[in-house]
Amino acid sequence: MKAQPVTNLYDVLKTRGFIEQVTDEDIRRIIAEGPVVCYIGFDPTATSLHVGSLVPIMALAHAQRNGHRPIALVGGGTALIGDPSGKTEMRQILSLDQVRANAGALKRQLSNHISFEKGGAVLLNNADWLEPLNYIEFLRDIGRHFSVNRMLAAESYRMRLETGLNFIEFNYMLLQAYDFWYLFRHHGCLLQMGGNDQWGNIVAGIDLIRRIEGKQAYGITFPLITTALGTKMGKTERGTIWLDGALTTPHEYYQYWVNTDDADVERFLRLFTFLPMDEIAEAGALRGSELNMAKSVLAFEATRITHGEDAARAAWRAAVTTFGLRPLDPAFMPSSHIPRQKEEADTSAIPSMIKRREVFERGIAAFELFQEVNLCASRGEARRLIEQGGGYVNDYQIRLFDEKIGIEHVTDRGEILLRKGKKTYFRIIVK
RNA sequence: GGAGGGGUACCCGAGUGGCCAAAGGGAGCAGACUGUAAAUCUGCCGGCGCAGCCUACGGAGGUUCGAAUCCUCCCCCCUCCA
């Protein structure tokens, strides 16, 4: 093993495609001089983070890997206000209880990517300092530093000035600026990162720090990541790809990544894995169906990062059993832990449901079964699916929509494998 | 508060008494072609064992043999005036 080359976090982020805007290029020099405390805010607006939050999460992980100290800030306080940036309508304001519950879930998930062990990353909740704020004091100490004229000029508000912006949302920028100042003062945080829609809020924080402390702080924003098709990251036909394994199984998660558009593979390997850049460049040079190897690696690594190695291997085995093995040359992307040759067939990662043996002794119409396991939303849909030739049992195409599925379909593994179309599998465990 | 415009399926959007389960587009699903990619082409796209029935055009009533379409009241959104 050769020694790890000295890397600059800024360069890492830059070459991997994380940087859209920087408030001041000096940040590169400052990062080179020593460990820096940096922070990114996460809104606890849902019970889980999703793939769309992966860019900031990976950025924090890179910071940690390069010897810096990341702060993940849960916006428990600001979520009570609602950030108007980049939104055309007012966001639903969450209740205190919802925010608290979501903040807890968020904490658990972030710890898959970042180590909060002693001396590592820090997880803070801005409710801790925002809630005790006193309105009059806040206006006198913080509010006086803000120019309404300048705030109105901010891109994040301009759009909303047309549709309407109410006072509570208008204050969001002050609170986020206050967060940055608070973290600067109490945690020595010099750098805030965030999505490009956060630019105005980040700059406001830097200004506030300059005014109160007379010191310089920095900001980096990430590009908005969309797929080659122009869709948002992590949003699919079937819904959001969550990071919580209970909401999106590791198998679905793996499948999401393995279905990446050709044009996105190299970019996604840079953003969503830790594999070295030279290996990624090599993978990106592949053409046509060869790119599928790179997609497997992407899927495996992305799944490994959020769900762990075991889950990733199980998802890989399920993919290999249903879609066939693609042997990988050991010399191809050697840093990846992806299995490279045949392992035992294993479908355990495929979503499943337990059904009683009697059901199949009696026999059940295929379309009914497809609807019952939720492969189809209604019986009508299941019926159409099968009539159009998209229904399979154990990889045999069903001809009649009401074909009886019986005990003879149960495999020696005690399962029935249903398939919808080319790639949606469902496993019935017969007990 | 006054005047006007509007609320149609997942989204956009046509329809202004029967031919409307509602044009067209997008999204989605399936099939063909492929590489678990994209593009393209074809079919499907409210529910129900489906030549029939049920539910649906903001909500509640009403007129009519028949209403998304006409009338009344209510709710919501937008524009202009105050």
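In what follows, chains are A, B, ... by sequence order, proteins preceding strands, each numbered from 1. These values consider heavy atoms only, across backbone and side chains, with no hydrogens, waters or symmetry-generated copies.
Distances shown here put a side-chain N or O of A/Ser378 below 4.0 Å from the OP1 or OP2 atom of B/G47. Residue A/Tyr392 places at least one side-chain N or O closer than 4.0 Å to OP1 or OP2 of B/G31. The side chain of A/Lys420 places no N or O atom within less than 4.0 Å of a non-bridging phosphate oxygen (OP1 or OP2) of B/G31.
Straight-line distance between the C1' atoms of B/G31 and B/C45: roughly 14 Å, to the nearest whole Å. For the C1' atom pair drawn from B/G17 and B/G24, the interatomic distance equals 23 Å after rounding to whole Å. The separation of B/A30 from B/C80, taken at their P atoms, amounts to 46 Å, rounded to a whole angstrom. B/C33 and B/G43: their C1' atoms are spaced 15 Å apart (whole Å). Comparing the C1' positions of B/U63 and B/G47 gives an interatomic distance of 30 Å, to the nearest angstrom. Taking atom P in both B/A23 and B/G15, one finds a spacing of 13 Å when rounded to whole Å. Comparing B/C53 with B/G58, their C1' atoms sit 27 Å apart, to the nearest whole Å. With P as the reference atom, B/G7 and B/C70 are 11 Å apart, rounded to whole Å.
With distances taken from any side-chain atom of A/Asp262 to the nucleotides B/G31, B/U36, B/G35, the minimum falls on B/G35. The side chain of A/Asp261 has B/A37 as its nearest neighbour among B/C29, B/A37, B/U36. Closest to the A/Lys422 side chain, of the nucleotides B/G35, B/U36, B/U34, is B/U34. Of the candidate nucleotides B/U36, B/A30, B/C48, B/U36 has the atom nearest to the side chain of A/Gln255. Picking from B/A30, B/G35, B/C50 the nucleotide with the shortest atom distance to the side chain of A/Arg383 gives B/C50.
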Could you list the donor-acceptor pairs under 3.5 angstrom formed between side-chain atoms of residues 127-140 of chain A and any protein atom two or more places apart in sequence or on another chain?
| unit_1 | atom_1 | unit_2 | atom_2 | d |
| --- | --- | --- | --- | --- |
| A/Trp129 | NE1 | A/Asp179 | OD1 | 2.8 |
| A/Asn134 | OD1 | A/Ile136 | N | 3.0 |
| A/Asn134 | OD1 | A/Glu137 | N | 3.0 |

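Under the 30°/60° scheme for interplanar angles, the aromatic rings of A/His50 and A/Trp242 are found to stand perpendicular.
What separates CZ of A/Arg419 from P of B/U36 is a distance of 11 Å, to the nearest Å. Atoms CD (A/Glu368) and C1' (B/C48) sit 12 Å apart, rounded to a whole Å. Counting to the nearest Å, the C1' atom of B/A37 and the CZ atom of A/Phe323 are 13 Å from each other. When rounded to the nearest whole Å, the span between CZ of A/Phe370 and P of B/C48 equals 16 Å. Protein atom CG of A/Leu385 is 19 Å distant from nucleotide atom P of B/C50, rounded to whole Å. Rounding to whole angstrom units, CZ of residue A/Phe268 and P of B/A37 are separated by 16 Å. Whole-Å rounding puts the A/Asp395 CG to B/U36 C1' distance at 13 Å. Nucleotide B/A30 holds its P atom 10 Å from the CG atom of A/Leu375, rounded to whole Å.
For the atom pair CG (A/Leu191) and CD1 (A/Ile206), the distance works out to 8.5 Å, reported to the nearest 0.5 Å.
Using a 4.0 Å heavy-atom distance criterion, A/Gly380 is classed as a base contact. Residue contacts for A/Ala228: at a heavy-atom cut-off of 4.0 Å it reaches no nucleic acid atom on any strand shown. At a threshold of 4.0 angstrom between heavy atoms, the contacts of A/Gly389 are confined to the sugar-phosphate backbone, with no base atom among them. Residue-level contact check: A/Ala263 touches neither bases nor backbone, having no heavy atom under 4.0 Å from any strand.
Here B/A37 sits opposite no nucleotide as a Watson-Crick or G-U wobble pair (both hydrogen-bonding atom distances under 3.5 Å). With a cut-off of 3.5 Å on both pairing distances, the Watson-Crick or G-U wobble partner of B/G18 is B/C65. Here B/G1 sits opposite B/C81 as a Watson-Crick or G-U wobble pair (both hydrogen-bonding atom distances under 3.5 Å). B/C45 is unpaired under the Watson-Crick or G-U wobble criterion, no partner having all donor-acceptor distances under 3.5 Å. With a cut-off of 3.5 Å on both pairing distances, the Watson-Crick or G-U wobble partner of B/C10 is B/G26.
A distance-only check finds no donor-acceptor pair linking the side chain of A/Gln255 to the backbone of A/Ala299 [under 3.5 Å]. Here the side chain of A/Gln397 pairs a donor or acceptor atom with the backbone of A/Gly389 at under 3.5 angstrom. Proximity of a side-chain donor or acceptor of A/Thr248 to a complementary backbone N or O of A/Gly245 within less than 3.5 Å is not detected.
Among A/Lys431, A/Arg427, A/Lys355, the one residue that satisfies the salt bridge (charged side-chain N to carboxylate O under 4.0 Å, His left out) test with A/Glu415 is A/Arg427.
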Output one line per pair: protein atom, nucleotide atom from nucleotides 52-56 of chain B, and distance, for all N/O pairs under 3.5 Å.
none

Name the pairs: protein N/O against N/O of nucleotides 39-45 of chain B, kept only if under 3.5 Å.
| unit_1 | atom_1 | unit_2 | atom_2 | d |
| --- | --- | --- | --- | --- |
| B/G43 | N2 | A/Gln388 | OE1 | 3.0 |
| B/G43 | N3 | A/Gln388 | OE1 | 3.1 |
| B/C44 | O4' | A/Gln388 | OE1 | 3.3 |

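Here A/Glu358 does not pair with A/Arg362 in a salt bridge; the nearest charged N to carboxylate O distance is not below 4.0 Å. A salt bridge between A/Lys295 and A/Asp262 is present, with a side-chain N of the basic residue lying under 4.0 Å from a carboxylate O of the acidic one.
The 5' end of RNA chain B is approached more closely, in terms of each residue's nearest nucleotide, by A/Gln397 than by the other of A/Lys404 and A/Gln397. Annotation: of the two residues near RNA chain B, A/Phe401 and A/Thr322, the 5′-most nearest-nucleotide partner is A/Thr322.
For A/Tyr10, the side chain to side chain donor-acceptor pair (under 3.5 Å) criterion is met by A/Glu25, not counting sequence neighbours. For A/Met293, the side chain to side chain contact (heavy atoms under 4.5 Å, CB included) partners two or more places apart in sequence, or in a different chain, are A/Leu286, A/Leu328, A/Phe332. Scored by the side chain to side chain contact (heavy atoms under 4.5 Å, CB included) test, A/Phe401 finds A/Phe367, A/Arg383, A/Ile386, A/Glu387 as partners (sequence neighbours excluded).
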Subject >> CA sep, side-chain torsions, deciding dist, call: A/Phe426, A/Phe370, ring-ring contact (aromatic ring centres under 6.0 Å, His included) >> reply: CA-CA 9 Å; A/Phe426 193 90; A/Phe370 272 75; 9.4 Å; no
